[in-house]
Amino acid sequence: MIDPEVIVIGGGPAGIAAAIEVAGCGYAVEVVEQRDSLGGAIHRQPIKGVAPISQASGPKARWRALSDDFASARIPVRYRSIFLGVDADGLVLFENRLACSVERLQAKAVIVATGAVEKVLPRPGWHMAKVSTAGGLQVMMKETGRAPKGRVLLAGNGPLLIAVTAQMARLGNPPVAIVEAGDPLGRTGAGFSMLGHMSLVREAFGYLRTIYLRGIPWMRASQLTAIERDDTSLIAVVRRANGREQRIPVDRIGLHDGIRPNDFALPNEKATSVAGPVILRAGDCRESLGAFAAEADGRRAGRAVAEILSGGHERADLGCVKIERARRAQEVLSTLFAPVGGACPISSLPADTILCRCEGKTVGDLRSLCERADRLTGREIKHNGRFAMGLCQGRFCAANTAALMAEIWPQAPAPVAEDLTGRRWPIRPVSIAALTGARATSTEHE
Amino acid sequence: MTSRAFGWMGQCIPFRDGETVASALETAGVYTLGADALGQETRYFCGIGACQCCLVRIDGVVREACITPARSEMTVETMEVRRD
Amino acid sequence: MMREDVNVGRQFNNARREAMQFHPPFSAIVIGAGIVGASTAYFLAKRGVAVQLIDASAPASEATGAADGAVSVASKRPGPMMAAALSGVRLYATLAKEGVFAGAFKHRSTFIVAASDEECAVLEAHSAALATVGVRVDTLSAANLHQRFPVLSLKARLGVEVHDDGHAIGYQIVHRLLTAAQITVDRNTKVDGLAIAKGGRSVTGVSTRRGTIEADAVVIAAGTGSAEFLNAAGVLTPRKGQLLVTERAPRLNAAMPGAIMSGRYLLSKGTQKMANSTPARGLGLVIDPLVTGQFLIGGTREEFGDRQSNDIDAVSRILAEAVALVPGLASLRLLRSFSGLRTAVVDGLPLVGRMPGFDNAYIATGFEGDGICLGPVTGKSIVQLICGEAPEVDLTPFDPSRFERSGEKL
Ligand SMILES: Cc1cc2nc3c(=O)[nH]c(=O)nc-3n(C[C@H](O)[C@H](O)[C@H](O)COP(=O)(O)OP(=O)(O)OC[C@H]3O[C@@H](n4cnc5c(N)ncnc54)[C@H](O)[C@@H]3O)c2cc1C
Ligand code: FES
């Protein structure tokens with residue numbers, strides 16, 4: 001097989017749109033996607049025989065148009081292939097889960113469109129079984145057409161919680177409650193600015209209508225302060241707006257405190273094909289602004305790559321002006337949903353609250369590591385406290401660890417997640433058998 | 001709808017065509033996927049292959065249950081299972 | 001300059017040194033917070049010297065943070081490096097007992113295994129050489145080897161167990177030393193040069209972009225960055241290494257009674273000298289079971305300099321060799337790859353001692369692939385030298401003045 005000239009990582013709106021643009025400019029392009037189907041987080045395809053979860057008509061039509069264009073462009077997709085990074089020699093690496101091999105491609109350009117990950121703030125008990133991210137519950141719903149079973153509580157911050165609520169309701173099992181740190185109904189100023197973004201308003205109104213009609217408690221200005229467990233249930237400990245504590249027995253909890261780019265350990269952008277491929281990012285992994293902006297940004301990146309490859313470097317759009325509106329909408333949303341009373345400081349959590357789940361490291365572990373006159377860097381915290389050292393490579397703890405460091409050392413320049421994560425491949429753990437062509441013998445069993 | 005199944009710790013887990021291992025296990029009421037190498041409970045969390053909390057051994061190979069499609073010939077086990 | 005002149009010069013220096021009143025300086029600057037600098041700072045602080053540890057970036061940010069961590073004599077040949085390594089391992093054990101390194105130094109054997117005739121021959125000779133300097137070694141036939149080390153591939157035909165070796169993670173050791181001595185590191189501060197006193201025989205401190213920092217003594221422990229302080233180009237050369245870390249596998253890990261070193265390592269590492277004839281990229285396989293249950297697998301030796309990156313070619317070759325020796329590794333996943341630069345000296349021996357021409361400036365660098373093993377004992381020795389005591393390790397073979405040319409300071 002001839003190596004494609006351009007490789008697009010991720011089959012969501014950004015990746016698909018980018019691939020279509022690149023192909024339209026006459027370059028050979030392929031898409032690499034870890035799942036079995038395209039769509040990404042937002043347009044996750046249902047399994048065979050299951051009706052797609054209902055979606056607002058606008059986005060639905062956009063996705064249909066996009067996937068039709070994609071189909072007619074006849075762009076090959078490598079499914080079940082996990083992007084590992086770009087190596088020192090400029091080879092694009094991914095793990096082919098079907099063939100159990102690691103493949104290396106010599107491309108002229110790579111567009112990385114790996115989407116977003118959810119932010120999840122630490123709370124006592126967040127690491128227990130039956131606690132997922134709200135997005136995780138949504139992914140399963142979209143695939144299976146079934147709502148999570150039993151009494152489900154959604155908690156955290158942001159509009160995704162009400163979207164998931166509405167979808168669960170339509171599938172017949174609405175959550176018992178939504179615990180929301182913000183109070184969007186109380187922020188009239190921001191509410192008015194929303195009117196500038198009518199499609200968002202329509203979408204939100206649709207969700208709120210479902211919530212209202214079903215009588216689902218939307219506990220605003222409230223915090224899920226802890227998750228406990230007894231013989232049969234999880235207990236959600238909720239602090240309500242009036243300061244009162246409420247203990248709600250549930251079967252399942254979905255957490256969500258916003259989204260952020262899934263840019264962990266990605267190779268840096270590089271606008272030249274000298275010494276390795278051009279590397280550009282597109283969509284949520286560059287800036288998490290939602291599906292509409294992701295598609296626009298994907299097109300932008302696709303065109304930019306084509307410009308660079310055809311020697312028109314100065315014409316390449318490395319910014320993306322189109323998404324300005326989406327950025328403003330996102331800003332309005334975050335003002336609207338701003339946690340009442342500010343974000344709860346991580347340093348106020350009990351010492352045994354898990355901060356880094358993969359390595360089992362706690363808030364107390366970080367505090368005691370920081371009890372010294374010498375101010376450690378993110379990398380030192382990682383090395384000596386093992387924060388962000390584990391299998392998720394910091395995706396769910398690096399930002400929280402950096403935030404707690406900033407609380408402990410307020411005078412210092414605030415550390416960021418990138419201080420704790422690396423820039424080395426593999427960006428995801430990869431099978432040694434696949435890397436070496438050996439068979440996994442599973443001696444771990446013997 | 002085809003009714004197929006894979007093996008999980010001596011149990012038969014039915015799944016629907018195209019379904020992931022994680023969602024088939026969840027449908028069957030399996031929420032704890034065993035313990036990881038530190039002895040911590042593993043479970044479905046992010047659903048996108050990022051958190052590495054849903055690791056299982058599929059035919060001896062470590063995989064994320066949430067992004068691995070179920071197949072009827074496969075054997076799925078907890079990470080710490082031993083056959084000795 | 002003729003050989004005799006050098007000797008005359010040395011004798012003169014020695015005489016002058018003896019004439020001086022030795023006492024610990026009141027203050028000292030250590031340039032570089034890698035394992036050598038951190039150890040030096042630790043031993044200075046223990047003597048009550050006011051130490052300033054200065055780093056262009058942060059502790060363990062270069063080679064120390066990217067090292068393999070063998071605290072080992074297994075690959076050494078008898079000679080000054082062997083002597084130093086034996087002291088190095090002993091000091092680790094002592095500091096572990098005292099508590100500073102408790103839990104950070106893993107006491108374990110190194111198993112050197114040979115799979116080919118050539119490797120078997122080299123290994124047998126090597127084992128005999130180790131025994132002559134009192135290293136406890138056991139030669140294991142294939143059958144014994146597989147009994148002692150059941151997860152090893154049947155391809156291994158001969159093994160030598162080198163007892164009393166160990167393993168430590170460079171950045172953890174630095175952290176322990178700095179924590180124990182309560183040292184506050186001057187991060188993100190690059191030292192631009194030494195501040196030289198009138199007359200040129202001594203230094204008053206160092207110059208940085210924040211101005212001159214003064215001290216009674218200065219120790220250069222800046223790894224590859226030390227080259228800037230030397231007056232001789234080409235004495236130090238960087239040698240890249242790539243290393244890998246797997247996910248945890250407690251059972252496989254527990255089934256390994258020590259580290260495995262491929263017999264080919266001896267061929268790759270040689271005497272630390274990489275003559276021009278050796279290939280640009282050597283591969284010496286070592287598999288270390290870590291206390292976390294993970295495996296550290298290394299590594300390459302690459303002559304081409306500064307690419308702080310990993311390539312699939314090296315990574316898959318390292319892993320293929322590792323799987324050939326321990327097939328169970330194939331069922332694990334690779335978690336991380338990283339690389340770093342070892343600082344090598346052209347003649348294969350480190351530079352440790354007084355900076356030629358100065359009374360109160362010292363240098364300690366050039367440990368190539370042995371700095372984790374030798375760092376603490378070097379720190380201790382150089383502090384002894386500064387204080388006019390006999391160093392724990394005989395530093396004469398490492399004396400920087402061996403590169404001194406006529407009329408030039410190194
Ligand atoms: C849980 C969740 C829920 C959301 N809900 C909404 C909503 O209701 N409304 C809304 O407007 N926006 C929502 N968003 C945002 C919206 O999904 C995104 O803005 C949009 O889908 C981004 O498109 P993208 O192409 O950049 O990324 P994605 O759509 O996420 O696509 C990225 C693709 O890359 C693949 N991938 C990731 N890593 C690798 C790898 N290493 N190798 C190979 N493939 C990989 C993924 O499987 C995925 O298919 C949500 C986001 C999340 C995370
Ligand atoms: S649930 Fe997060 S990786 Fe599978």
Side-chain angles (χ1 to χ4, degrees), chain A residues 84-93 95 100 102-104 265 267 276 358-359 369 371-386 389-393 412-413 419 422-446, chain C residues 53 57-61 65 150-151 169-172 174-176 178-179 182-185 187-188 242 244-253 255 292 297 307-324 326-339:
Chain A
L84 301 175
V86 177
D87 89 340
D89 297 325
L91 294 171
V92 183
L93 308 175
E95 180 181 6
C100 281
V102 168
E103 296 179 25
R104 25 184 124 176
C358 297
E359 293 290 319
L369 185 58
E371 260 165 28
R372 54 175 67 226
D374 198 24
R375 237 178 251 146
L376 305 178
T377 61
R379 191 163 181 267
E380 291 169 85
I381 292 287
K382 171 182 181 159
H383 280 162
N384 298 298
R386 297 196 67 82
M389 275 282 239
L391 296 177
C392 87
Q393 292 161 324
D419 297 340
R423 278 263 171 275
R424 298 279 172 99
W425 69 273
I427 71 167
R428 294 257 289 268
V430 49
S431 153
I432 290 176
L435 274 164
T436 56
R439 242 171 52 84
T441 49
S442 194
T443 319
E444 193 55 7
H445 294 164
E446 281 153 19
Chain C
L53 182 55
S57 169
S61 55
V151 295
I169 308 242
Y171 54 74
Q172 281 179 3
V174 166
H175 184 71
R176 292 298 185 92
L178 299 181
T179 306
Q182 297 188 332
I183 289 167
T184 298
V185 182
R187 291 174 178 73
N188 299 315
Q242 303 190 44
L244 310 173
V245 175
T246 71
E247 63 187 346
R248 288 184 168 88
R251 230 177 327 276
L252 183 62
N253 189 290
T292 54
I297 308 178
R307 294 195 316 167
Q308 298 248 24
S309 51
N310 295 87
D311 57 272
I312 182 74
D313 183 58
V315 169
S316 52
R317 269 171 52 201
I318 295 169
L319 288 173
E321 288 209 9
V323 168
V326 180
L329 289 171
S331 62
L332 307 190
R333 298 182 306 164
L334 172 68
L335 177 54
R336 245 192 303 281
S337 67
F338 53 98
S339 67

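Computed from heavy atoms alone, side chains included, the values below leave out hydrogens, waters and symmetry copies. Below, chains carry the letters A, B, ... as their sequence lines are ordered, and counting in each starts from 1. These figures come from a predicted structure and were not determined experimentally.
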Given side chain to side chain contact (heavy atoms under 4.5 Å, CB included), test C/R187 with A/L376 step by step and report yes or no.
CA-CA 9 Å; C/R187 291 174 178 73; A/L376 305 178; 3.5 Å; yes
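- Chain A forms the most heavy-atom pairs under 4.5 Å with one residue out of C/L319, C/I312, C/L335, and that residue is C/I312.
- The SG atom of A/C358 lies 11.0 Å from the CD atom of C/E247; values are rounded to the nearest 0.5 Å.
- To the nearest 0.5 Å, atoms CG (A/L93) and CG (C/N310) are separated by 10.5 Å.
- With sequence neighbours excluded, the residues forming a side-chain contact (heavy atoms from CB on, under 4.5 Å) with C/A314 are C/Q242, C/R281, C/T300, C/D311, listed by chain and number.
- Inspection of the A/R379 and C/S61 side chains reveals no N or O donor paired with an N or O acceptor under 3.5 Å.
- At a threshold of 4.5 Å between non-hydrogen side-chain atoms, the residues A/R386 and C/T292 count as touching.
- Atom CG of A/L435 and atom CG of C/L329 lie 12.5 Å apart (nearest 0.5 Å).
- Although no hydrogens or angles enter the test, the distance criterion places no donor-acceptor pair under 3.5 Å between the side chain of C/S337 and the main chain of A/R424.
- Ranked by heavy-atom pairs shorter than 4.5 Å toward chain A, the options C/L178, C/T179, C/V245, C/V174 are led by C/T179.
- C/R333 has no carboxylate O lying under 4.0 Å from a charged side-chain N of A/E95, or vice versa, which leaves the two without a salt bridge.
- Proximity to chain C is limited to the side chain of A/V102, based on heavy atoms less than 4.5 angstrom apart.
- Looking at C/R317, neither its backbone nor its side chain comes within 4.5 Å of chain A, counting heavy atoms on both sides.
- A distance of 9.5 Å separates CG of A/D374 from NE2 of C/H175, quoted to the nearest 0.5 Å.
- There is no contact between C/I169 and chain A, counting heavy-atom distances below 4.5 Å.
- The main-chain N or O of C/A60 is never found under 3.5 Å from a side-chain atom of A/E380 such that the two would form a donor-acceptor pair.
- Using a 4.5 Å cut-off on side-chain heavy atoms (C-beta onward), A/H383 and C/P59 make no contact.
- Scored by the side-chain contact (heavy atoms from CB on, under 4.5 Å) test, A/R423 finds A/N268, A/R281, A/E418 as partners (sequence neighbours excluded).
- Going from atom CZ of C/R336 over to atom CG of A/L391 covers 9.0 Å, rounded to the nearest 0.5 Å.
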